[in-house]
Amino acid sequence: MAMTGVLRPGHAQIRVLDLEESIKWYTDVMGLKPMGRDAQGRAYFKTRAERDHNSIILRQADQAGMDFFGFKVQDKATLDDFEKKLQAYGVATERMPAGDLLETGERVRFKIPTGHTIELYAEKTAVGNATGCTNPDVDVIDQPGITPIRLDHCLIYGDDLEGARDLFINVLGFTLVERVKLEDGETDLAVWLTCSAKAHDIAIVRHGEKDKLHHVSFQLGSWEQVLRAADIMSKNRVPLDIGPTRHGITNGTTIYFFEPSGNRLETFSGGYDHYPDMKPITWTWDEVGAGIFYHDRELNEAFLSVVT
């Protein structure tokens, strides 16, 4: 599948309650690579396999949650074009200057109808992955920590699901992959959207409040690595939400867990390839439990209610 327009999820800025504790936890338990701090005190990280300078930014705050989620686009011309399309769609945009985030070029920032802040950017310094780009060896995990492959996606909660869904599809070129219907059989409870051939790059759930984070997800390479992550979580007394288990939706294997500030994270592996000519998969209300947690076939209260 030719990749144009929006390429992939690129970064997330997460609010934490104790920055120093969080830096240690994201380094030692998650196995992310520290990439420095900026003049505002924010801490930057990348995964072992990512080639760009950073994907996770931590900011000290009084309340946990996510400040913004960013997607990388093909080039500067594409960034300019998306800005014009957003404005023509009636969306107010803001240009964030190059260097405002470490090693990151200009960003186009805007709010979607659920109240979340989304960014697009074209440039972030390429620093390479753990094995380099010339005659690389297979990347053998030889360090402690979960050590994910990359930032994979986020799931957000908000009120105007239809407005956010349509913006991603009509303006940013995302494809609807899966959806869950409410009891009326017509209204979407949740949607999974992709800008690539992955099963999803962002998901949205209908919720009574705006701008809530359900989870930020990191990709692992296999079910065995998900199980290894579970061992690491147990050893470090990481609070689990649910897992290891499997989703019916996307078919991915998963663990949901909480970092020290109470933000939910996910380790995710698998899923299927999706192409724009595929019809979206629909899950009905009576089977939503199996859609979310295929093995248990029912939801737990924490998964439904805990957001930041």
Side-chain angles (χ1 to χ4, degrees), residues 8-36 43-58 64 66 69 127-131 137-155 198-201 203 213-247 250-271 293 295 302-303 306 308:
R8 62 177 180 271
H11 59 235
Q13 181 163 297
I14 298 171
R15 299 191 300 271
V16 297
L17 306 181
D18 185 327
L19 184 60
E20 299 307 320
E21 176 190 33
S22 295
I23 289 172
K24 179 173 174 56
W25 190 89
Y26 277 83
T27 302
D28 296 344
V29 179
M30 283 303 299
L32 302 187
K33 182 178 179 180
M35 297 301 293
Y44 293 73
F45 296 85
K46 68 182 288 292
T47 70
R48 185 182 178 94
E50 287 168 342
R51 300 186 185 187
D52 285 350
H53 181 273
N54 62 79
S55 61
I56 295 295
I57 307 113
L58 303 182
M66 184 174 69
F69 195 78
V127 297
N129 60 16
T131 61
D137 287 317
V138 171
D139 189 14
V140 178
I141 303 299
D142 57 358
Q143 67 183 62
I146 294 168
T147 318
I149 293 173
R150 68 180 177 208
L151 171 66
D152 191 79
H153 66 269
C154 71
L155 171 59
K198 290 162 51 190
H200 60 323
D201 290 300
L213 171 68
H214 189 271
H215 69 265
V216 171
S217 181
F218 296 88
Q219 186 195 55
L220 297 178
S222 66
W223 174 236
E224 289 73 21
Q225 288 186 18
V226 173
L227 297 177
R228 174 181 176 271
D231 290 340
I232 292 169
M233 292 177 202
S234 182
K235 181 179 179 180
N236 288 278
R237 307 301 191 265
V238 174
L240 296 188
D241 184 0
I242 193 165
T245 187
R246 176 182 292 281
H247 291 306
T250 76
N251 294 171
T253 54
T254 179
I255 307 170
Y256 290 101
F257 56 102
F258 296 98
E259 47 94 276
S261 297
N263 293 300
R264 184 191 283 101
L265 303 179
E266 180 192 26
T267 52
F268 179 89
S269 177
F293 298 128
H295 294 161
F303 186 82
V306 176
T308 55

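Values reported hereafter were calculated over all heavy atoms of this structure, with side chains retained and with hydrogens, waters and symmetry mates removed.
Scanning all heavy atoms of the two residues, the minimum distance from Val216 to Met66 falls at CG2-SD, 4.1 Å. Closest approach of Leu151 to Phe218, counting heavy atoms only: CA-CD2, 4.2 Å. Taking each heavy atom of Ala64 and Leu17 in turn, the nearest pair found is N-CD2, 3.8 Å.
Distance alone, capped at 3.5 Å, places no donor-acceptor pair between the Arg264 side chain and the Gly262 backbone. The closest donor-acceptor contact from the side chain of Gln225 to the backbone of Gly221 lies under 3.5 Å.
Using a 4.5 Å heavy-atom threshold, the side chains of Pro148 and Leu32 count as touching. The closest side-chain heavy-atom distance from Ile23 to Glu21 is not below 4.5 Å.
Using modelled atom types and a 3.5 Å distance limit, the side chains of Glu266 and His153 yield a donor-acceptor pair.
Residues meeting the side chain to side chain contact (heavy atoms under 4.5 Å, CB included) test with Glu259, sequence neighbours left out: Ile14, Val16, Trp25, Tyr26, Ser261, Asn263, Leu265. For Arg48, the salt bridge (charged side-chain N to carboxylate O under 4.0 Å, His left out) partners are Asp139, Asp142, not counting sequence neighbours. For the side chain to side chain donor-acceptor pair (under 3.5 Å) test, residues two or more places apart in sequence or in another chain that qualify with Asp52 are Arg8, Lys72.
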* Given the rule in the side-chain contact (heavy atoms from CB on, under 4.5 Å) test, do Met233 and Ile146 qualify, once you have shown the distances and angles that lead to the verdict? -> CA-CA 8 Å; Met233 292 177 202; Ile146 294 168; 3.9 Å; yes

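Under the 30°/60° scheme for interplanar angles, the aromatic rings of His214 and Tyr256 are found to stand perpendicular.
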